[in-house]
Structure formats: structure tokens, C-alpha cells
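To keep things clear, I will list the structure first and then write my remarks on it.
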Amino acid sequence: MNQKNFSLSQYLQIAQYYPEAFAAGTCAVLIFFSCFCLQINWVGLALLILATAYVIGGYESAKEGITTLWSEKELDVDLLMIVAALGAAALGLWQQEYHLIIDGGVLILIFAISGALETFAMERTERNIQKLMAITPDTARLIVDNQETEIPVNQLKVGDFVLVKPGELIPTDSIIIEGSSTINQAPITGESIPVDKTVGDEVFAGTLNGNGVLRLQVNKFPESSLIQRVIRLVEQAKTETPPSQRFVEKFEKIYAKVIVISGLLLGILPPFLLNWSWETTIYRALIFLVVASPCALMASIMPTLLSGIANGARQGILFKNGAQLEMMGEVKAIAFDKTGTLTTGKLQVVDIIPKKGKSENEVLQLAAALESCSEHPIGKAITQAAIIKNIQWQQATNIKAKTGEGITGIVDNEIIKVGKENLIKSEVNNFSSYFLDESNRLQKEGKTIIFLAQSQEIIGLISVADTVRLEAGQMINQLKSMNIKSIAMLTGDNQKTAHSVAQNLGINMVYSELLPEDKLTVIKRLQQQNRNVAMVGDGINDAPALSLATVGIAMGNAGSDVTLESADIVLMADRLEKLVEAINLGRRANRIIKQNITFAISFIFLLLVANFTGNINMPLGVLGHEGSTVLVTLSGLRLLK
């Protein structure tokens with residue numbers, strides 16, 4: 001009993017929160033049971049069930065069609081579907097051919113399913129916004145007269161003083177007035193390395209504080225912070241209708257007008273022009289409405305796209321929207337985020353250059369002795385490199401860290417210093433020109449350089465970098481061979497690092513030091529030049545650009561929750577090479593859709609001609625209509641291979 005109640009409860013929840021899905025599912029069930037009733041000759045019950053299916057499944061379409069007709073004085077496909085379904089029902093009752101009423105119910109069911117899918121896609125936008133808002137804290141530590149008070153972030157005002165402790169999120173855009181720390185800005189700017197911040201520097205809401213205690217002064221109202229601008233950009237981008245959608249909507253209105261007006265004329269003029277009887281005229285007009293119904297045209301598209309989605313899923317390509325599979329085949333330009341997309345998004349030790357007489361392992365061992373005590377990403381990369389090489393190190397003592405500069409300690413009674421060039425230069429007597437030259441060379445390649453000094457002498461340097469994905473270069477070459485006109489790289493990183501990565505991959509269009517709204521501007525510019533633009537990204541800062549792009553593509557593992565929600569396509573397991581497969585799948589889908597549409601229109605035309613010449617009756621009209629729908633559906637299933 002409890003199980004039954006639970007099932008009923010779940011069903012009612014679907015009706016409450018997903019009314020379109022409830023309507024489509026209920027309509028399908030009712031049509032099935034009406035067919036069963038007709039088989040056992042329970043005609044009255046079957047008609048009652050079918051009437052219920054018509055009302056439940058067709059309510060939203062009827063309301064939409066009537067509203068459009070009343071407010072915009074426009075006919076659309078929703079109204080045409082209702083007229084065709086009611087016409088089939090009327091003719092079925094008139095001639096007691098009840099299967100025609102079922103045909104009308106199937107027309108309604110198809111549109112009910114379409115409405116449910118559209119509603120689901122629209123609801124994704126709200127989830128995107130909620131995920132974006134989740135990265136900002138709800139409260140902040142307000143400092144007044146040296147007293148700490150926790151208040152809601154939305155109550156902060158410009159000029160307020162705020163305290164942020166290590167490991168906490170910055171509550172709103174502010175200026176540091178006391179303290180220094182490393183700030184992980186990856187959620188906002190996409191920078192792969194945390195940025196050193198000190199007095200006078202600006203920090204953004206939603207970014208993560210490192211090990212330092214910061215005293216901040218609010219310089220922007222919370223609703224004007226950078227992350228809030230990202231949220232508004234996502235909302236705005238999602239409401240912009242792409243050109244292809246506008247074309248489809250315009251075509252639907254024109255098609256509906258032509259068919260409805262033609263149906264009315266066919267139901268009135270033949271007795272006067274062709275001497276048809278009124279019975280024949282009405283009969284032919286109703287057949288016209290049935291055979292002219294756009295079911296075959298609808299089936300030309302959705303089964304193909306759904307098959308493509310299933311095909312992509314098997315290959316690790318998750319299409320969230322069938323329309324985006326189609327648009328993927330029309331992409332002429334692709335913009336890539338750098339960090340986490342073209343690169344791994346994780347710092348790794350790339351080069352170890354020891355002093356003559358020292359080995360790479362000795363340099364790495366001493367560096368790990370200090371950096372193993374650090375939580376900085378560079379320190380973690382050095383420690384991880386030593387672990388991979390099975391290097392054992394002695395724990396350093398008397399460790400002292402200088403925020404943003406480096407770390408010192410004692411190993412085997414000798415002072416060891418690991419840090420940036422400025423720190424080592426200030427504390428080492430003899431700074432070898434050899435290491436300076438090597439440092440400059442590696443920095444030109446976009447790498448971060450860490451020096452190691454032992455007893456006032458530099459004994460080596462280590463470079464770390466966010467390394468390029470192994471498959472990225474081959475993927476870029478394949479895209480070029482597929483006639484993708486423009487390939488661009490977008491990043492919040494500095495110009496030197498960006499150009500180094502782009503040159504390595506053969507990308508000529510490079511946009512560096514970008515904030516989220518800057519990436520949006522680049523996408524708009526690419527759309528003006530190429531119309532259909534794909535954006536591939538993984539960070540929250542990519543969300544607005546992913547939303548605005550014709551097709552937004554996210555990395556499955558590296559992508560943030562917001563990015564995965566904002567994107568139309570997800571490359572599971574971060575398999576970047578599957579982008580090529582996605583484009584090929586989209587192009588193949590477009591070819592099949594064009595073939596299906598050509599066949600569907602041609603067959604509808606033949607049925608209309610046969611109806612006009614009197615060479616077809618209602619059963620044949622329905623058979624031809626449904627048969628063409630089945631054929632194009634089977635054609636679409638080819639994409640499963």
C-alpha cells in the first residue's frame with residue numbers, strides 16, 4: 001500500500017512541477033488504452049478516453065495557438081495541429097472510422113512531447129543562475145570600531161571594512177587595505193596560477209583567499225560585483241534568440257497560414273468552381289488538413305537529432321539539446337578557453353636546470369624538502385614531481401614563508417631558499433648570469449620560474465607550467481582540415497603565456513588578460529564574422545560566453561558545475577579530441593535532415609495533388625501521411641550507426 005501511495009505521490013509531483021511532461025505522458029497512456037478499448041469493441045469508453053487525451057495533450061498547444069491568433073493576429077503550427085486533429089476526429093466520428101480519431105491524438109501527442117522538451121531547456125537557465133550564485137558567501141565579517149560582526153553580504157555598503165580569513169571566499173569586490181595573500185581567481189578570470197595580492201590590490205567576490213588574513217574595504221556594492229555581472233550576462237545571453245530559431249519560427253507561421261487558408265478555400269470554393277458536392281468538398285478539405293499536417297516534417301528532424309544524441313553519448317559526447325547537434329554541423333568558428341581546456345589546468349614541473357656538479361634529482365630533493373610544507377600550487381607541483389620520481393627528502397626545519405616571494409628553511413644545517421627571482425637576488429651574493437639567461441628563455445615560453453639557493457649560492461632553477469593537453473595539437477590540425485574558418489584562444493592569463501601556448505598549438509587568434517565580459521565581446525565579434533560560433537570552456541568565467549555562443553561546449557571532468565549547466569554539449573572525461581567527432585556527427589545529422597525534409601515535402605505535395613484530383617480517400621491519406629512519417633523516422637535512425 002505504501003508503495004502504491006509513493007508511486008501516486010511521485011506522479012502527482014510530476015504533474016505539479018513538470019506539467020508539460022505530465023501532459024505528454026498521460027496523453028500517450030490514454031491513446032494506448034483507447035486502442036485497446038477499440039480492439040474489444042468498447043467504442044463509447046474509447047471515445048471518452050480519446051476525448052480526455054485530446055484535452056490533456058492539446059491544452060497547451062491550443063492555448064498557445066489561440067493566444068498567438070488573438071494577440072498577434074498570427075497563425076502558427078500549434079493552431080494548425082489542433083485544427084488538423086479536430087478535423088480528423090470529426091471525420092472519424094462522421095464516418096465511424098475511429099482510427100482517424102487516434103491519428104488526431106497522435107498529432108497532439110507529438111506536439112505535447114515537443115513542448116515538454118522546450119520547457120526543460122528553458123528551466124536549465126534558472127539552474128545555471130542558482131549555481132553561479134552558490135559560489136559567493138552568504139555572510140561577511142564586518143569590522144566596526146575593531147569589533148567583528150557577521151552580517152548578510154547584501155547588506156554591505158561601499159566603504160565598509162571586511163575581514164577575510166585564510167581559506168575563505170571574498171564576499172564582494174574590495175580593495176586590500178591590510179595584509180597580503182595569494183588569491184585563487186580561477187573561478188572568475190580562469191588564471192591557472194593563484195595571484196599574489198597585497199595592499200592596494202583589488203579582489204573579486206567569489207575568489208578564494210590563500211593563507212593570509214586580509215582586511216578589505218568594499219569598493220562596489222554586492223549587486224555590482226564581477227560575479228553578479230557574470231550572472232546577468234548569462235541571463236541576457238540565454239534570452240537572445242539565435243538566427244536559426246527566428247527562421248524556424250517565421251517558417252512555422254508562414255506554413256500555418258498557407259495550410260489553414262488553403263484548407264478554408266478548399267472547403268468553400270470547389271462547389272462553385274468545380275461543381276463538387278458539399279459532402280465531397282468537406283471530405284476533401286478534411287483530408288487536406290490531415291495530409292498537410294507537418295508531422296512528417298517534424299519527424300524529419302527530431303528522430304535524427306535524438307539518434308545523433310544517442311550516438312554521441314556512446315562516444316562520450318553529451319548533447320543536452322537536439323537543436324545544438326544540428327547547429328554543431330554549421331559551426332564555422334571555434335573559440336577555446338586556455339586553462340583547463342587546451343591545457344590540463346594543473347601546474348606541473350616542466351624543467352629542472354641544475355648547477356654544474358649537481359643533478360636534477362638533487363635540486364628537486366632540496367626544493368621538495370621546503371615546498372612539502374607549503375600549500376601553494378607551485379609547492380604542490382614540486383612536491384608531486386619528487387613523489388613521482390620516488391625521491392626521498394629530509395624534512396626542513398625553521399621554515400619561514402614570505403607571501404608571494406618564496407620560502408626558506410634549514411636542511412642538513414644549511415640554509416635553503418626556494419623562491420622567485422626577486423627574493424633570491426636580494427639574499428644571494430652571486431647571481432649567475434647563466435641562470436638569468438635560462439630564466440628569461442623559459443619565461444618567454446610562458447613558464448613560471450622558481451630558483452633554488454644553498455648557502456648563498458644558486459644551485460638550480462625549476463620551471464612550472466600548466467601543460468598543453470597531448471591531444472590538443474592534433475585536434476587543432478583536424479579542425480583546420482575540416483574548413484573551420486576561425487580558431488581562437490581566450491584566456492585570463494597574461495599575454496606572454498597565452499601566445500606561447502597558442503604558438504605551440506598553431507592558433508593565430510589569441511585574446512589574453514580577459515574578464516568574463518571581455519570573452520563575451522570576443523564571441524559577439526566572431527559571430528558577426530562567422531555567424532555560427534562554438535565556445536569550448538571549463539570555468540565559471542566561461543559561462544557567459546558559453547551561453548551566448550551558438551554552441552557552448554564544456555569539459556566534463558575539468559568543468560565547473562555552472563559551466564556544465566551552461567553548456568549545450570559536454571565532452572565527457574575531458575576528451576578534447578571528441579570535438580572533431582561532434583562536428584562530424586552534426587554535419588551528418590544535417591545531411592540526413594535535409595534528405596528527410598526534401599522527401600517529406602515531396603510526399604506531402606504528392607498527397608495534396610492526389611487529394612485534389614480525387615484519387616485518394618481518407619484511409620489512404622492517413623496511410624500516406626503516417627507512412628511518410630515512419631519512413632523519415634527510420635531514415636533518422638541511420639544516425640545511430
Side-chain angles (χ1 to χ4, degrees), residues 1-38 42 45-70 76-86 88-89 98 101-130 238 245 248-249 252 293-295 298-299 301-303 305-307 309-310 313 318-324 565 568 626 629 633:
M1 183 68 183
N2 291 335
Q3 185 176 359
K4 290 183 179 179
N5 291 336
F6 176 78
S7 298
L8 178 61
S9 173
Q10 293 295 317
Y11 190 67
L12 293 177
Q13 284 183 4
I14 293 175
Q16 180 180 358
Y17 296 107
Y18 305 99
E20 291 83 4
F22 166 79
T26 304
C27 183
V29 171
L30 291 175
I31 291 174
F32 172 80
F33 277 109
S34 67
C35 292
F36 174 76
C37 291
L38 286 177
W42 290 3
L45 180 58
L47 294 179
L48 179 61
I49 293 174
L50 281 171
T52 306
Y54 270 60
V55 172
I56 294 176
Y59 174 77
E60 287 297 330
S61 293
K63 184 175 72 172
E64 181 69 25
I66 293 172
T67 300
T68 302
L69 180 63
W70 180 263
D76 61 11
V77 173
D78 291 287
L79 188 60
L80 174 61
M81 182 276 299
I82 293 297
V83 172
L86 293 177
Y98 303 119
I101 307 177
I102 294 176
D103 289 338
V106 172
L107 296 181
I108 289 176
L109 175 61
I110 290 174
F111 274 77
I113 294 173
S114 176
L117 293 174
E118 182 179 354
T119 300
F120 173 77
M122 293 177 65
E123 287 178 349
R124 279 178 38 217
T125 299
E126 292 302 321
R127 296 200 300 272
N128 294 344
I129 304 305
Q130 292 171 3
K238 280 296 185 183
Q245 182 64 27
V248 170
E249 291 173 355
E252 287 180 350
S293 177
C295 285
M298 296 293 291
I301 300 173
M302 286 309 299
L305 296 180
L306 293 174
S307 298
I309 290 173
L318 178 61
F319 292 92
K320 293 187 178 181
N321 189 322
Q324 299 307 324
E565 287 291 337
D568 302 298
E626 300 296 338
T629 303
T633 300

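Starting from 1, each residue takes its place in the sequence as its number.
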Mind checking the [atom1]-[atom2] spacing from [X] to [Y]? Nearest 0.5 Å is all I need.
X: I31; Y: I49; atom1: CD1; atom2: CD1; value: 11.0 Å
X: T67; Y: E60; atom1: OG1; atom2: CD; value: 9.5 Å
X: L38; Y: L50; atom1: CG; atom2: CG; value: 6.5 Å

So F319 and D568, do their side chains get closer than 4.5 Å, heavy atoms only?
no
Quick one: closest heavy-atom pair of [X] and [Y], and the distance?
X: G58; Y: I82; result: O-CD1, 3.7 Å
X: G105; Y: C27; result: O-SG, 4.3 Å
X: I108; Y: G57; result: CG2-C, 3.2 Å
X: S34; Y: I102; result: OG-CG1, 4.4 Å

Does Y54 reach the main-chain N or O of I101 with its side chain, forming a donor-acceptor pair under 3.5 Å?
yes
Run the side-chain contact (heavy atoms from CB on, under 4.5 Å) test against I56 and tell me which residues pass, sequence neighbours left out.
A23, T26, L30, T52
